[in-house]
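Have a look at the structure below, then the notes.
One-based numbering along the sequence shown.
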Amino acid sequence: DWSSDVCSSDLNSRRMGCGSSSAYKGGEEPKENKEEIPNDTKNIVDVEDDKVAVESSSSTKKVIWTQSEAKDDSNVDPNFNLIMNDSLMKNEWPAVIEDHKKASEEGGHVSLMAQCISKEIFEKYKDTKTKTGWTIARAINTGTCYPSSFVGCHAGDKESYYDFKDLFFPVVEKYHKGYKLDGSMSHVTNMDVDNIKIDLTDSAKAKIISTRIRVARNLSFFPLNPGGGLDNRMAVADLMEKVFASDSFDDDLKGNFFRHTTMTEEQTQSLVDDHFLFRGKDKMQAASGYHQYWPEGRGVFHSKSKEFVVWLNEGDHLRIISMEQGGDVKRVFERLGRAIKCVKEGIKNIKSYDEEKDGPLFMSDEMFGMITCCPSNLGTGMRGSVHIKVPLLIAKMGLDGIDKICREINCQARGSSGEHSEVVDRIDVSNWRRLGYQESQLVTDMITCVNKISAMEDDLAQESTVMVAESDME
């Protein structure tokens, strides 16, 4: 059950968004005040009463609201629509960030963005625009609007990380602890399964319900989705529809592509039942621009075996996923590596793309690795996870206690339905590190952690058996 990432309700909603209005899902970036349709945007989607209305680019229909405007407009859904802080909409320093910083001094949470930004940095960059038009105001909107955000900032293109380096460099270094952006370190991608030298124990395998490993990838010839318009999202979808229909995939990876806007009710139900249908409905991501024009340009591909899935424009351009029931982690990882190669070759063939001449097909950088909308996914863009049953450990330590142990092994523990979800008898264990480490190392981290958690569960089971035996003797 990967329901933290998918929508399992509102089955009749053709938006597939589980919300009540238009928008997009993803990171944390803003747009400009009362912005009209940008020149490169042919259509804007207004989703109301589960119907999609597509209007021409000559429309002046509003696609961005201030927080003040949104508060008084019942048709604006913060879970989907792009809503900007009032000051940022005017390209002014948001004084509320000072309040966030004070709350942190008193022991409260503050986003990494708020920890790193200052009025001086904002003033330095406020008139700077990247080549796709991304601004510092757009970049920090999520963390400004929602102080509970962990990262709080997003990129609109690869250049964002360098053009606003006084913000993004310290944010990246704080999130990816130990990684330095002083030029002394670089990121290397390696999907070779033979580099994973350890295995899950038999006991750990027996406890694992399912395994999933995913990576985020963005196409270098488009802006990142927060900085792109509807045209870009549609172009990505049109391109990938051709790729999915091509002969680029191995037989076990071939399957079907479903657009959010055209799938039938039966197809929708099937995707929901399989937990493949990603949802929007995330106010922090909406504040970045992830969900703009929802659900246009979104789609899901899955292989016939349903062990290979691609989410299209969920946040990043591509979310490439390998999954299966059980704990054969190496098999899942090997399939993922092949799938990435097939996707890449398919795109190259359709576009006649030559990486030697045109540069890397996937947006990447020597220091940052794979470029993603959210700084947390830089590097590998990978999250490898298993759902594992450890009821005794949960009862004794709780999720926070287990997570503390996992963090010591560079992993994290979450509820099996995502962060903040209820924990009963199983948890989700995944790698935490992403930047500066090869994918095989991160899978090794996860295997090491799962083996430890499993062994602790076994110890508790043995203790319980001994206690029952002693009680019977009495």
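- Closest heavy-atom contact between His302 and Val309: CB-CG2, 4.0 Å.
- A donor-acceptor contact shorter than 3.5 Å is absent between the side chain of Ser454 and the backbone of Val450.
- With sequence neighbours left out, the salt bridge (Lys or Arg N to Asp or Glu O under 4.0 Å) criterion links Arg259 to Asp238, Glu241.
- The closest side-chain donor-acceptor pair between Asp458 and Gln462, if any, does not fall under 3.5 angstrom.
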- request: Could you check Asp252 against Arg338 for salt bridge (charged side-chain N to carboxylate O under 4.0 Å, His left out), going step by step and ending with a plain yes or no?
  value: CA-CA 10 Å; Asp252 66 317; Arg338 283 193 295 115; 2.7 Å; yes
- prompt: What's the verdict on side-chain contact (heavy atoms from CB on, under 4.5 Å) for Val76 and Ile83, showing C-alpha distance, side-chain angles and the deciding distance?
  reply: CA-CA 9 Å; Val76 178; Ile83 302 171; 3.7 Å; yes
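- Counting heavy atoms from C-beta outward, Thr144 and Val96 have side chains that approach closer than 4.5 Å.
- Here the straight-line distance linking atom CG of Leu336 with atom CG of Leu253 works out to 10.0 Å at 0.5 Å rounding.
- A distance of 7.0 Å separates CG in Asn232 from NE2 in His317, rounded to the nearest 0.5 Å.
- A salt bridge between Lys102 and Glu98 is absent, with no side-chain N of the basic residue lying under 4.0 Å from a carboxylate O of the acidic one.
- Taking 4.0 Å as the cut-off between side-chain N and carboxylate O, Asp199 and Lys330 count as a salt-bridged pair.
- For Glu439 (side chain) and Asn190 (main-chain N/O), a donor-acceptor pair under 3.5 Å exists by modelled atom type.
- Taking the six-membered ring where tryptophan is involved, the planes of His260 and Phe278 are tilted, since the angle between them lies from 30° to 60°.
- For Lys341, the NZ atom counts as loosely surrounded, since its 6.0 Å shell holds 12 or fewer non-hydrogen atoms of other residues, nucleotides or ligands.
- The ring of Phe368 has its center closer than 6.0 angstrom to the ring center of Tyr162.
- Two residues are said to be in side-chain contact when any heavy atoms from C-beta on lie closer than 4.5 Å; Thr380 and Thr189 fail this criterion.
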task: Start with the C-alpha gap between Met446 and Val386, add the side-chain angles, then the distance that decides, and say whether side-chain contact (heavy atoms from CB on, under 4.5 Å) holds.
output: CA-CA 9 Å; Met446 190 257 286; Val386 300; 3.8 Å; yes
query: Is there a salt bridge (charged side-chain N to carboxylate O under 4.0 Å, His left out) between Glu307 and Arg331 once you walk through the steps?
result: CA-CA 11 Å; Glu307 293 180 337; Arg331 188 173 113 102; 3.1 Å; yes
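- Taking CG of Asn256 as the start and NZ of Lys304 as the end, the distance is 7.0 Å to the nearest 0.5 Å.
- Side-chain contact of Asp445 with Asn431: a donor-acceptor pair under 3.5 Å is absent, judged by distance alone.
- In this model, a donor atom of one side chain and an acceptor atom of the other lie less than 3.5 Å apart for Lys207 and Ser203.
- Counting heavy-atom neighbours within 6.0 Å of Asp182 CG, excluding the residue itself, gives a total above 12.
- A salt bridge between Arg383 and Asp428 is present, with a side-chain N of the basic residue lying under 4.0 Å from a carboxylate O of the acidic one.
- Between Tyr175 and Trp432, the distance from one ring center to the other falls under 6.0 angstrom.
- In this structure, Trp311 and Ile321 have side chains that are in contact, with non-hydrogen atoms separated by less than 4.5 Å.
- The backbone N or O of Glu173 sits nowhere less than 3.5 Å from a side-chain atom of Lys180 that would complete a donor-acceptor pair.
- Between Phe257 and Phe244, the gap from one ring centroid to the other is short of 6.0 Å.
- Salt bridge status for Asp403 with Arg407: present, with a side-chain N to carboxylate O gap under 4.0 Å.
- A salt bridge links Arg335 with Glu324: at least one charged nitrogen is closer than 4.0 Å to a carboxylate oxygen.
- For Lys344, the salt bridge (Lys or Arg N to Asp or Glu O under 4.0 Å) partners at least two apart in sequence or on another chain are Glu355.
- Ring to ring, Phe258 and Phe276 are not that close: their centroids are 6.0 angstrom or more apart.
- Side-chain atoms of Ile196 and Val193, non-hydrogen and from C-beta on, do get closer than 4.5 Å to each other.
- With sequence neighbours excluded, the residues satisfying ring pair (Phe, Tyr, Trp, His ring centres under 6.0 Å) with Phe164 are Tyr125.
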query: Please walk me through it: do Phe301 and Phe308 pass ring pair (Phe, Tyr, Trp, His ring centres under 6.0 Å)?
result: CA-CA 8 Å; Phe301 170 89; Phe308 163 50; 5.5 Å; yes
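- Heavy atoms only, all atoms of each residue included: Ile453 and Cys406 are closest at CD1-SG, 4.1 Å.
- Between the Ser220 side chain and the Pro360 main chain, a donor and an acceptor come within less than 3.5 Å of each other.
- Within 6.0 Å of NZ in Lys452 there are 12 or fewer heavy atoms belonging to other residues, nucleotides or ligands.
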task: Start with the C-alpha distance between Lys174 and Val171, add both sets of side-chain angles, then the distance that settles side-chain contact (heavy atoms from CB on, under 4.5 Å), and finish with yes or no.
output: CA-CA 5 Å; Lys174 278 181 176 289; Val171 166; 5.9 Å; no
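- Side chains of Asp157 and Ser160: a donor-acceptor N/O pair is present below 3.5 angstrom, by distance only.
- With hydrogens and angles left out, the side-chain atoms of Asn313 and Asn225 include a donor and acceptor closer than 3.5 Å.
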Check against side-chain contact (heavy atoms from CB on, under 4.5 Å), Thr211 and Ser385: CA-CA 6 Å; Thr211 303; Ser385 61; over 6 Å; no
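- Salt bridge annotation for Asp251-Lys254: present, with a cationic side-chain nitrogen under 4.0 angstrom from a carboxylate oxygen.
- Closest non-hydrogen pair, Ser376 versus His176, comes out as O-CE1, 3.3 Å.
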